[in-house]
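To start, the structure itself, in structure tokens.
Proteins come first, then strands; the chains are lettered A, B, ... in the order of their sequence lines, and each starts at number 1. Here the structure is a predicted model, which means the values were calculated and not measured.
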There are 2 protein chains.
Amino acid sequence: MPRPNLQEQRRAELLPALARAFATDGYAGTTTAGLAAATDLRENQLYRLWPSKKAMFLAVVDHLYDQHVAWWEAQLADRPPDAAIAHILEEEGRHRGESGLHRITFAGLSEARDPEIRAALAGMYERFHAYIVDVLTRRATNRTGAAKKRKANKADVEQASLTAWSLIALGSLTNIARELDLFPVKTQERLFTQVGGALIDPKPPH
Amino acid sequence: MPRPNLQEQRRAELLPALARAFATDGYAGTTTAGLAAATDLRENQLYRLWPSKKAMFLAVVDHLYDQHVAWWEAQLADRPPDAAIAHILEEEGRHRGESGLHRITFAGLSEARDPEIRAALAGMYERFHAYIVDVLTRRATNRTGAAKKRKANKADVEQASLTAWSLIALGSLTNIARELDLFPVKTQERLFTQVGGALIDPKPPH
DNA sequence: ACGTTTTGTAAGTTATCACTTACAGTCTGT
DNA sequence: ACAGACTGTAAGTGATAACTTACAAAACGT
């Protein structure tokens, strides 16, 4: 049994370069030749690691989603819930721009006819939404006093769900705006802190 | 001088079919053969009306934007500003789904590297934003009393600008959600009426 | 009816696409 | 050292892309 199988590791190493390529040119606009150039490999070497261009794209989607959630986790760790959320609202815009996640999303949305791509994107949104709802309700129950330890009731969760979707909406527009240079970073920050802040905290301290 | 030139009219007639094709398959995913099939013409007949596939796409972007604004105008006409806005918030989601505007936007965003496509999209967003700001400030000044007829001041306009972007954000997410079946229509309605309503009207009547 | 122009139909061109095959090197456990 | 799997390089495959060319058939003003 000669030579150990390092394919899994190789895949992981190549994903950032693939992500960059897909983010730059979209799904249909990215060629396998381009992917090979981006990874400094030949096309058939990529095809030894994934069965198709689509598989490469789906792997990229998963990779970026994991990366994004990991970033959230890092922001939440070692901070009290309120401070963590405020911090995320401030930093989310900046971070989103750096990862290529939003461009991959646009690319995927253009291919939403394809059931696998569609499912991958939908799963990503749903998991992210669930995650935010969890963060929001954890914070809400903490606030009402750990002593009571009341379970988040149905109305609370429903409200948190709407709020979570709204935050995701702000994030989506911010991505579009960044892509098209619609408004300066300052406006983007105000969107997140002012509007986003108002959303999660109906009575602003003024 | 034989046969009048009806090209302009022909172009206008064909745009809806072209829009449908681009909306279905994205920009790069749509082939000129597909466009020909969608319009029931041959490829070279299309090329007699537009110089390239890109020109066809840009024409579609303009067409859908004009259509969307016309719809807004129709909603605003013959309604007092407040009622008109409420009505738009209720109907916007439904209407957006029917026109293919959002899918065209996704398609374009995947090609945002192309300066012409990028400019067309950016222009569309900016014009739409300006339009909403105008609607919002008209309403605000109306409210403070037509008698005073005070000019909208800078802070008002800035606030309206943020609100307008937020509404556009909700619209964008709604489109994504519709595309990916993220949540039911009811949630979508609540997003617009509850969150959207709160955005344009910080103190809800309760 | 005629001359000019637009319209319709078909075929072709060149490039590039996703994906494959062939084969020579190279590494590893034994 | 050597078998057997992995790695690298090159070339090739058929399909299909955007876009053209060629030419016959209408349509219109005169």
Starting at CG of B:Leu182, measure out to CD1 of B:Ile176 and round the result to the nearest 0.5 Å.
8.0 Å
Round to a whole Å and report the spacing from [atom1] of [X] to [atom2] of [N].
X: B:Asp40; N: C:dT9; atom1: CG; atom2: C1'; answer: 13 Å
X: A:Asn44; N: D:dT9; atom1: CG; atom2: P; answer: 10 Å
X: A:Tyr47; N: C:dC19; atom1: OH; atom2: P; answer: 4 Å
X: A:Lys54; N: C:dA18; atom1: NZ; atom2: C1'; answer: 13 Å
X: A:Glu43; N: D:dA11; atom1: CD; atom2: P; answer: 14 Å
X: B:Trp50; N: D:dA18; atom1: CH2; atom2: P; answer: 15 Å
X: B:Leu46; N: C:dT6; atom1: CG; atom2: P; answer: 17 Å
X: A:Leu35; N: C:dC17; atom1: CG; atom2: P; answer: 11 Å

Can we say B:Asp114 and B:Arg118 salt-bridge, meaning some charged N sits less than 4.0 Å from an Asp/Glu carboxylate O?
no
Do NZ/NE/NH1/NH2 and the carboxylate oxygens of A:Lys54 and A:Glu111 come within less than 4.0 Å?
no
Nearest heavy-atom neighbours spanning A:Ile117 and A:Gly108
CG2-O, 3.7 Å
Closest nucleotide among [options] to the [X] side chain:
X: A:Arg10; options: D:dT7, D:dA10, C:dT7; answer: D:dT7
X: A:Gln7; options: C:dT7, D:dT7, C:dA18; answer: D:dT7
X: A:Arg48; options: D:dC19, D:dT9, D:dG8; answer: D:dG8

Any A:Arg42 side-chain nitrogen or oxygen under 4.0 Å from OP1 or OP2 of D:dT9
yes
Return the orientation label for the A:His68 and A:His95 ring planes: parallel under 30°, perpendicular over 60°, tilted otherwise.
tilted
With under 30° as parallel and over 60° as perpendicular, where do the rings of B:His102 and B:Phe106 fit, or are they tilted in between?
perpendicular
Within residues 13-32 of chain A, find the residues that approach DNA chain C with a heavy atom at under 4.0 Å, and present them sorted by residue number.
A:Thr30, A:Thr31, A:Thr32
Testing the 3.5 Å rule here: is there a donor-acceptor pair between the side chains of A:Glu43 and A:Thr32?
yes
Residue whose nearest DNA chain C nucleotide is more 5′ - A:Pro51 or B:Gln45
B:Gln45
